[in-house]
J.: 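Encoded as structure tokens, here's the structure I'll be asking about.
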Amino acid sequence: MPELPEVETTRAGIAPLIRDRPIGQVILRAASLRQPLAPELASRLPGQRVHAVERRGKYLILRLDDGSLLLHLGMSGSLRFLPATTPPGKHDHVDLVFGGDCLRLRDPRRFGLLLWTDGEPLNHPLLRDLGPEPLSDGFDADFLYRVSRKRATAIKPFLMNSRIVVGIGNIYANEALFAAGIHPKRAAGRISAVRYRLLVHHIRRILEAAIAQGGTTLNDFRNEQGKPGYFAQRLQVYGRGQEPCPKCARPIQQALIGQRSSYYCAHCQR
DNA sequence: AAATTCTCCTGAAGGC
DNA sequence: TGCCTTCAGGAGAATT
């Protein structure tokens, strides 16, 4: 599933391919993803030039002449850049045509989102209240410590709350908490500044490593995108219920926290 | 205000 | 082999 590293890899991959190019035809093959695909996408976009391809959290922003496209890949979305004549597959829902090529959105589970917005996209209701980027200066231990005071929520759903910080999905929340030795059920407000420092360090380290690996797929972006490179990195706990902990060899626990499966070592994480 | 639950959808995996 | 059931998952919306 696309986490922040994959979205960033996608952004970096498509930006040089479509920047400064006008959109031709827009083909909508599905009525809706997470929400209906507005017909105005097909009517307003053609002729508009792509000025920038940005990312905010897991949202992609395509800045055009008169507004912006907001795109979210959801659970199963992916973008490919290929000849416009390539026959679409069952789950290829949208094409943005650029000359003889097209940017094609595939999303089997249709949790993704594509919408047009007129004003400044960062002021859109979906983006307006998002927390800081985890790799930016605005995200540090002092910030996390401050906003977590008096919060009884478990640290794991707290980290996954995009109003606190964007881009930390289930996989990386599990991995970062394991690396920092913090129990996923610990109340966010009961974690010391020192431990938040360690947590922020590992969040950064893990996301940056994932982006670095995702970057290796950039060269063949024009072809079949293939599996995201970052999955090649070894996940320490995610999906490893009952397997031995990499640190102490005791069995990895699996539990639902905030409706999401969580993996942790009850001995190493407190 | 904060916390919890519900919801969208379908491929994958497991059971029989 | 194949049908049926269950589960996962991002994040906004609804509910408590």
Side-chain angles (χ1 to χ4, degrees), chain A residues 1-11 28-38 55-61 70-79 88-94 105-115 117 121-134 144 146-177 184-191 203 207 210 225 227-228 230-231 235 237-242 252 254-264:
Chain A
M1 62 264 7
E3 299 253 3
L4 185 148
E6 188 178 354
V7 178
E8 176 57 25
T9 298
T10 298
R11 189 204 63 75
L28 306 176
R29 300 191 188 85
S32 69
L33 299 178
R34 200 170 81 205
Q35 55 181 245
L37 287 171
R55 179 186 59 75
R56 179 74 176 96
K58 295 180 188 172
Y59 284 91
L60 287 172
I61 302 169
L70 296 186
L71 172 65
H72 196 293
L73 297 176
M75 265 285 303
S76 56
S78 64
L79 288 172
K90 180 180 175 185
H91 302 296
D92 290 335
H93 305 308
V94 180
L105 172 63
R106 170 178 295 182
D107 187 1
R109 297 189 189 177
R110 293 198 275 139
F111 275 19
L113 174 146
L114 177 66
L115 60 86
T117 179
L122 295 175
N123 293 334
H124 189 278
L126 290 175
L127 304 187
R128 195 174 47 202
D129 302 319
L130 294 178
E133 292 287 330
L144 266 193
R146 180 161 42 82
V147 298
S148 64
R149 290 311 88 184
K150 301 189 177 173
R151 293 291 291 262
T153 322
I155 181 63
K156 181 159 172 283
F158 184 76
L159 279 184
M160 294 173 66
N161 181 347
S162 60
R163 286 171 187 260
I164 302 299
V165 55
V166 298
I168 302 180
N170 197 34
I171 293 177
Y172 290 125
N174 278 298
E175 295 294 310
L177 287 169
K185 290 182 182 175
R186 172 168 288 274
R190 297 246 178 151
I191 295 175
I203 289 172
L207 289 179
Q225 189 181 355
K227 291 296 175 190
Y230 72 81
F231 255 28
L235 299 174
V237 290
Y238 182 81
R240 297 184 177 277
Q242 298 298 73
I252 296 291
Q254 178 174 3
L256 277 185
I257 304 175
Q259 312 293 84
R260 287 288 174 262
S261 37
S262 307
Y263 302 87
Y264 58 95

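A note on names: the letters A, B, ... follow the listed sequences, proteins ahead of strands, and every chain is numbered from 1. Note that the structure is predicted; figures quoted are calculated from it, not measured.
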J.: Would you say A:Phe111 stacks on C:dA11, if stacking means ring centres under 5.5 Å apart and planes within less than 30 degrees?
T.: no
J.: Has A:His72 got a side-chain N or O lying under 4.0 Å from the OP1 or OP2 atom of C:dG10?
T.: no
J.: In whole angstroms, how far is the P atom of C:dT6 from the CG atom of A:Leu256?
T.: 16 Å
J.: Flag yes if more than 12 heavy atoms outside A:Arg29 fall under 6.0 Å of its CZ atom; otherwise flag no.
T.: yes
J.: As a test of reading the structure: which of B:dT5, B:dG11, C:dG10 is closest to the side chain of A:Lys58, going by heavy atoms?
T.: C:dG10
J.: Ignoring backbone atoms, establish whether A:Arg110 has a side-chain N or O less than 4.0 Å from OP1 or OP2 of B:dT10.
T.: yes
J.: Given C:dA11, is OP1 or OP2 found less than 4.0 Å from the side-chain N or O atoms of A:Ser162?
T.: no
J.: Taking only N and O in the side chain of A:His91, is any of them less than 4.0 Å away from OP1 or OP2 of B:dC9?
T.: no
J.: May I ask you to say what A:Tyr59 touches in the nucleic acid, namely base, sugar-phosphate or nothing, with a heavy-atom cut-off under 4.0 Å?
T.: sugar-phosphate
J.: Of all the nucleotides listed (B:dT5, C:dG12, B:dA3), which has the minimum atom distance to the side chain of A:Arg151?
T.: B:dA3
J.: Starting at the 5' end of DNA chain B and moving along, which residue's nearest nucleotide shows up first, A:Lys90 or A:Arg34?
T.: A:Arg34
J.: At less than 3.5 Å, do the side-chain atoms of A:Arg163 and the base atoms of C:dG12 form a donor-acceptor pair?
T.: no
J.: Sort out for me which residue in A:Leu28, A:Asp92, A:Leu33 forms a side-chain contact (heavy atoms from CB on, under 4.5 Å) with A:Leu105.
T.: A:Leu33
J.: If you look at every heavy atom in A:Gly167 and A:Leu4, which pair is closest and at what distance?
T.: O-CB, 3.5 Å
J.: Which of these nucleotides, C:dA8, C:dA11, B:dG11, is closest to any side-chain atom of A:Pro108?
T.: B:dG11
J.: Take a 6.0 Å sphere around CZ of A:Arg149 and say whether it holds more than 12 heavy atoms from other residues, nucleotides or ligands.
T.: yes
J.: Please classify the nucleic acid contact of A:Ser261 as base, sugar-phosphate, or nothing, using heavy-atom distances under 4.0 Å.
T.: sugar-phosphate
J.: Looking across every strand, which nucleic acid part, if any, lies under 4.0 Å from A:Leu126 by heavy atom: base, sugar-phosphate, or nothing?
T.: sugar-phosphate
